[in-house]
Amino acid sequence: MSSIERRFSLHVPSSTENLAMIRDFVSAVGLQAGLVEREVYNLELAVDEACANVIEHAYGPDVVKEVTVRATFDDERIEIDVIDTGMGFDPGAIDQKGLQQLVAERRSGGLGMRMMKALMDEVHYQIVPGEKNELRMVKMLRKGDRLSPPQ
Amino acid sequence: MSSIERRFSLHVPSSTENLAMIRDFVSAVGLQAGLVEREVYNLELAVDEACANVIEHAYGPDVVKEVTVRATFDDERIEIDVIDTGMGFDPGAIDQKGLQQLVAERRSGGLGMRMMKALMDEVHYQIVPGEKNELRMVKMLRKGDRLSPPQ
Amino acid sequence: MLLLWEKIPLNQEMASLANIFVVSRTLHDGIPVLALDGFLDAHTAPNFESAIQQEVDGGNLRIIANCDKLTYISSAGLGVFMSFIEEIRERGGDIKICSVQPKVMQVFEILGFPALFDIVTGVSDAIGKFQESNQER
Amino acid sequence: MLLLWEKIPLNQEMASLANIFVVSRTLHDGIPVLALDGFLDAHTAPNFESAIQQEVDGGNLRIIANCDKLTYISSAGLGVFMSFIEEIRERGGDIKICSVQPKVMQVFEILGFPALFDIVTGVSDAIGKFQESNQER
Ligand SMILES: Nc1ncnc2c1ncn2[C@@H]1O[C@H](COP(=O)(O)OP(=O)(O)O)[C@@H](O)[C@H]1O
Ligand SMILES: Nc1ncnc2c1ncn2[C@@H]1O[C@H](COP(=O)(O)OP(=O)(O)O)[C@@H](O)[C@H]1O
């Protein structure tokens, strides 16, 4: 990363109750990075999805476990890492079913990873089961977008 | 600490710009601990004072340095640690001047530590210069206060 | 003066952090309208789920979700619509979604909901949709 | 639809996080009234400091601080009052503080400000205080 880099991090118990706090944290960092409201909203949503996955899948309902959100930005990009120390999983093996199929199967889940990928410029996992599972999401700060209309 | 303990922490660059974020963090933890609005407000204020001191005195205007706020609560108490890795100081040697004297000297500071002590049940420092200076503040959760009128 | 304190309503800051979500129910032309207010995420989705479950259990299979005051939705909230719709349609009902704010609409669109759900402008349009399908039968 | 976005005002959540503080100036009976709005902390205190400095530089030594919309103050904000008051009084002026919300008043009280400052109910009371001291002279 170039220019002055700013680093923030938040650690909270693994509970859906803390998703609001995580979104407020991400929102504050996003505003400081110079994002406009729509961009902040989408960043909150992507991080919410990632953290909800940790809370639901990495640990189960074990509130003693922790979710870590790390945020770093400079003039060019904002990077968010969502970290758990749970059992991990193989992201490549996750079957990305279409909405129609999920509906037919009466599923209530299966949309989170798609949402993150739609909202962020980069999404990748680094999995070390039981030690450290890190999901890195990157959003480029295309400052030009705010001066000229989007293409 | 007894009962289920919940731990939270926040790390932000050492800049007054981040005081609002710190207050929002403290407010969210305080609400989850069951504090009422007045108590949340006072907790935010005490932590704001502690962090403003770190930002102003521990590092000077070096934004690369970090302020850490750790919050832990159970049924009985909420504990906040504010941590810096700056030069440290001798809290016992700080001359607590009266308001009248500060006004006569046209000072704009010198009130922060008094505020923390007035708002919290315990305030103590553990100083290891250049390594880790930790300010611990404790507020007892006198849940009874909310049922019966204050004495 | 301090005694007055407990009566002062939560300030803006706290209201936002409290992650408020409320479902309230009214009837329009006999059709239940569930008004969603606030933040619908993995924490609050179970509230919405049980509100829909209650309608289904009571045999009310024509449901309107009024999203007028819904300011936030994550995939956990979308999952509630997704998991009920098949059963409800099989039994001759539907969930019509109305009055969606642009920022929430964007989320519906990202996941392709407009192709599977009737998303309309207002409550009266949603009622209209149900009346149309009445005549078709 | 996405193009509309930039025009939507900041939502509640963001407004709170943005740590907004605004000083606006009006004249009442020739006396400058500085209305403080929002959060006065170590980050925003310099704005308030320069607003008072401007009055002093312009020879306006009778100043009213209207705290009607001041929702938060830390010792950095109190420090601004503290650092100017001696000079202003020596030169025959004063800072009167009015319309303080209970939660902010509590902070003034903790540090003993009511003994050193005139803190009154409304702007007209503050003007009255200045008129009283006119007559005394
Ligand atoms: N942090 C994680 N730890 C373990 N498993 C995970 C994690 N994140 C995602 N997964 C797995 O990936 C699957 C797909 O996730 P997602 O697309 O978000 O849908 P959903 O969470 O709604 O099932 C999950 O069902 C889960 O099996
Ligand atoms: N974290 C810290 N690191 C170094 N010095 C500190 C720290 N906190 C407080 N101090 C010292 O203690 C003094 C008194 O602090 P305080 O009562 O808050 O008043 P103020 O910060 O307005 O001067 C400060 O002026 C500073 O010298």
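Atom set for the values below is all heavy atoms of this structure, side chains included, hydrogens, waters and symmetry mates excluded.
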Residues of residues 105-117 of chain B within contact distance of chain D, non-hydrogen under 4.5 Å: B:R106, B:R107, B:S108, B:G109, B:L111, B:G112, B:R114, B:M115
Less than 4.5 Å to any heavy atom of chain B: does that hold for the side chain of [X], its backbone, both, or neither?
| X | answer |
| --- | --- |
| D:I110 | side chain |
| D:F81 | neither |
| D:F113 | both |
| D:E49 | neither |

Does a side chain donor of either B:E49 or D:S75 reach within less than 3.5 Å of an acceptor in the other side chain? yes
If we ignore angles and hydrogens, is there a donor and acceptor under 3.5 Å between the side chains of D:T44 and D:D41? yes
Under 3.5 Å, is there a donor-acceptor pair between the side chain of B:E39 and the main chain of B:V36? yes
Donor-acceptor under 3.5 Å (B:D95 side chain, B:K97 main chain): no
In Å and rounded to the nearest 0.5 Å, what is the OG1 to CD distance from B:T85 to B:E131? 10.0 Å
Centroid separation B:Y41 to D:Y72 less than 6.0 Å: yes
Is it the case that atom CD in B:E122 sees more than 12 heavy atoms from other parts of the structure closer than 6.0 Å? yes
Taking the basic N atoms (NZ, or NE/NH1/NH2) and the acidic carboxylate oxygens, is any pair closer than 4.0 Å for B:D121 and B:R77? no
Part of B:N42 within contact of chain D (heavy atom distance under 4.5 Å): side chain
Of B:L45, B:N18, B:L102, B:L19, the largest count of non-hydrogen pairs under 4.5 angstrom with chain D goes to B:L45
In terms of ring plane angle, is the pair B:F8 and B:F73 parallel, tilted or perpendicular, where the classes change at 30° and 60°? parallel
